[in-house]
Structure formats: structure tokens, C-alpha cells
Amino acid sequence: MSGYLRGEIAKLANVNVETLRYYENQGLIPSPIRSESGYRLYSEEMLNRLNFIKNAKSCGFTLKEIKKSLIKSESDHISLTDFIAVIDRKMKGIHSEISQKENTLVMLSELRTNLQAEDKHPELQATLQVLHMEP
């Protein structure tokens, strides 16, 4: 029987051993086969799967999303079109988050400007009073 031992595959995949255990417990990777002496043996396919998980995480996919795609690919076989649609949805979500963060930056900038103004708006003065920051 050949394969990678747990420490070997962890090193090759650049993850720690606890991550392997976690992924196995979460159903992201299947339980490895065992050698005659009881050691866990991981295949080259498992290394590819671990690299996929790592790359998907770095692209912003959650472990839940990754697990869902792995399960779907094993039972239904995801088409390239479906995979691209998932990527497009993820990109749309990121664009939305960026837009929200940009709006927050604008609001913070306006607040900062208003806090430095000589003639402060009455609502801002009330807020400063609540925070015990009366000018």
C-alpha cells in the first residue's frame, strides 16, 4: 500500500495536521485508508482535493460553500457553466461588499469633517453630549 502519511500530506498541502482532522470531521475530505499497521494513508487525489480547498478559501469561498460544491460534484457532476455561475455570484457579492464599505468610508469622512467644523449641526452636538465629548 502506498500513499502519504498524515504529516507528509499536511506538509505537501501546506496545512497543519489539525486542519486535516477538521476537514475530515466536517466532511470536506473522506476518511483515508489505513495501512496494515493502522497509519492513515492519503492519496495524490487527496492532495489535489486539499489544494482545491485551500485555493477556494483564498478566493473567498467558505468551507460550507466548498463542501456543497464538492458534494454536488461527486453526485451530479458540476458543469463548467455551473462553476462559472458560482464564481459570478461570489464576485457579485464581493462587489456589493466593496460598495457597502465605500459608502461607510464616505459616511466616516463626512462625520470626521463635521466633527472638525466650527459650527456643528445640532444633532451632532447632541451626540457629542451623549458621549461626554462636548467641545
Side-chain angles (χ1 to χ4, degrees):
M1 230 182 261
S2 65
Y4 300 107
L5 296 174
R6 182 172 265 181
E8 292 172 329
I9 199 157
K11 186 175 182 178
L12 288 169
N14 199 24
V15 298
N16 62 45
V17 174
E18 289 77 27
T19 300
L20 289 176
R21 287 187 189 112
Y22 181 76
Y23 287 174
E24 189 177 334
N25 290 335
Q26 296 301 309
L28 288 158
I29 61 172
S31 297
I33 59 171
R34 298 241 182 196
S35 69
E36 290 178 13
S37 55
Y39 290 106
R40 290 174 175 84
L41 296 175
Y42 296 86
S43 66
E44 189 73 27
E45 182 181 331
M46 186 65 67
L47 180 58
N48 292 335
R49 188 177 184 115
L50 289 168
N51 285 329
F52 165 75
I53 293 168
K54 189 174 169 188
N55 289 333
K57 280 180 58 181
S58 70
C59 287
F61 289 96
T62 65
L63 290 179
K64 184 178 179 181
E65 291 169 326
I66 295 167
K67 180 180 178 181
K68 184 178 177 182
S69 68
L70 288 168
I71 290 170
K72 185 173 173 77
S73 71
E74 290 170 355
S75 61
D76 297 341
H77 301 291
I78 299 174
S79 70
L80 184 58
T81 303
D82 291 340
F83 192 52
I84 290 171
V86 169
I87 292 169
D88 287 343
R89 282 193 301 275
K90 181 56 91 172
M91 288 174 60
K92 184 178 177 183
I94 290 170
H95 283 298
S96 176
E97 290 173 26
I98 289 169
S99 177
Q100 290 172 359
K101 294 292 184 185
E102 287 173 343
N103 288 340
T104 301
L105 277 173
V106 168
M107 290 171 54
L108 287 169
S109 179
E110 289 172 357
L111 176 59
R112 186 175 194 279
T113 299
N114 290 334
L115 285 169
Q116 293 174 326
E118 290 292 323
D119 187 28
K120 293 176 181 38
H121 190 276
E123 287 181 18
L124 183 56
Q125 289 177 348
T127 299
L128 292 174
Q129 287 174 352
V130 168
L131 296 173
H132 305 287
M133 295 183 191
E134 299 175 50

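Excluded from the calculations below are hydrogen atoms, water molecules and symmetry mates; all remaining heavy atoms, backbone and side chain alike, are included. Remember, it's a predicted structure, so these values are computed and weren't measured experimentally.
Between the side chains of Asn16 and Thr19, a donor-acceptor pair is found at a separation under 3.5 Å.
Note that the OH atom of Tyr23 and the CG atom of Leu70 stand 11.0 Å from one another [nearest 0.5 Å]. Here the straight-line distance linking atom CD1 of Ile98 with atom NZ of Lys101 works out to 11.0 Å at 0.5 Å rounding. His121 contributes atom NE2, which lies 10.5 Å from atom OG1 of Thr127 (distance to the nearest 0.5 angstrom). Residue Met91 holds its CE atom at 11.0 Å from CD1 of Ile84, rounded to the nearest 0.5 Å. Considering CZ of Phe52 and OG of Ser73, their distance stands at 7.5 Å, rounded to 0.5 Å. Between the CG atom in Leu20 and the CZ atom in Arg40 there is a gap of 9.5 Å [rounded to 0.5 Å].
Here the side chains of Leu63 and Lys67 are not in contact, with every heavy-atom distance at 4.5 Å or above. Taking the side chain as every heavy atom from C-beta outward, Leu50 and Leu12 never approach each other to under 4.5 Å.
Pairing each heavy atom of Gly7 with each of Val17, the nearest pair is CA-CG2, 4.4 Å. Minimum interatomic distance between Ile94 and Cys59 (heavy atoms only, all atoms of both residues): CD1-O, 4.5 Å. Residues Asn114 and Lys120 approach most closely at O-CG, 3.7 Å, considering heavy atoms. Nearest heavy-atom pair across Tyr42 and Met46 is CD2-CG, 3.7 Å. The heavy-atom pair separating Ser31 from Glu24 by the smallest distance is OG-OE2, 3.0 Å. Smallest separation of non-hydrogen atoms from Arg49 and Pro30: NE-CD, 4.1 Å.
Note on Leu131: it clusters hydrophobically with Leu124, by side-chain heavy-atom contacts below 4.5 Å among ILVMFWY residues. When hydrophobic clusters are built by joining Ile, Leu, Val, Met, Phe, Trp and Tyr residues whose side-chain heavy atoms come closer than 4.5 Å, directly or via intermediates, Tyr22 is grouped together with Val15. Taking hydrophobic clusters as Ile, Leu, Val, Met, Phe, Trp and Tyr residues chained together by side-chain heavy-atom distances below 4.5 Å, Leu41 does not share a cluster with Leu47. A single hydrophobic cluster is seen to contain both Tyr39 and Ile33, as judged by linkage of ILVMFWY side chains at heavy-atom distances under 4.5 Å, directly or through other members. Transitive grouping of hydrophobic side chains (ILVMFWY, heavy atoms separated by less than 4.5 Å) keeps Phe61 and Ile71 in distinct clusters.
With hydrogens and angles disregarded, a donor-acceptor distance shorter than 3.5 Å links the side chain of Ser58 to the backbone of Asn55. Judged purely by atom type and a 3.5 angstrom limit, Lys72 has no side-chain atom pairing as donor or acceptor with the backbone of Ile78. Side-chain atoms of Ser96 never come within 3.5 Å of backbone atoms of Lys92 as a donor-acceptor pair (strictly under, hydrogens ignored). Side-chain atoms of Ser109 never come within 3.5 Å of backbone atoms of Leu105 as a donor-acceptor pair (strictly under, hydrogens ignored).
Dense packing is recorded around CD of Glu74, with more than 12 heavy atoms of other residues, nucleotides or ligands lying under 6.0 Å away. Atom CD of Gln116 has more than 12 heavy atoms from other residues, nucleotides or ligands within 6.0 Å.
Salt bridge annotation for Glu65-Arg89: absent, with no cationic side-chain nitrogen under 4.0 angstrom from a carboxylate oxygen.
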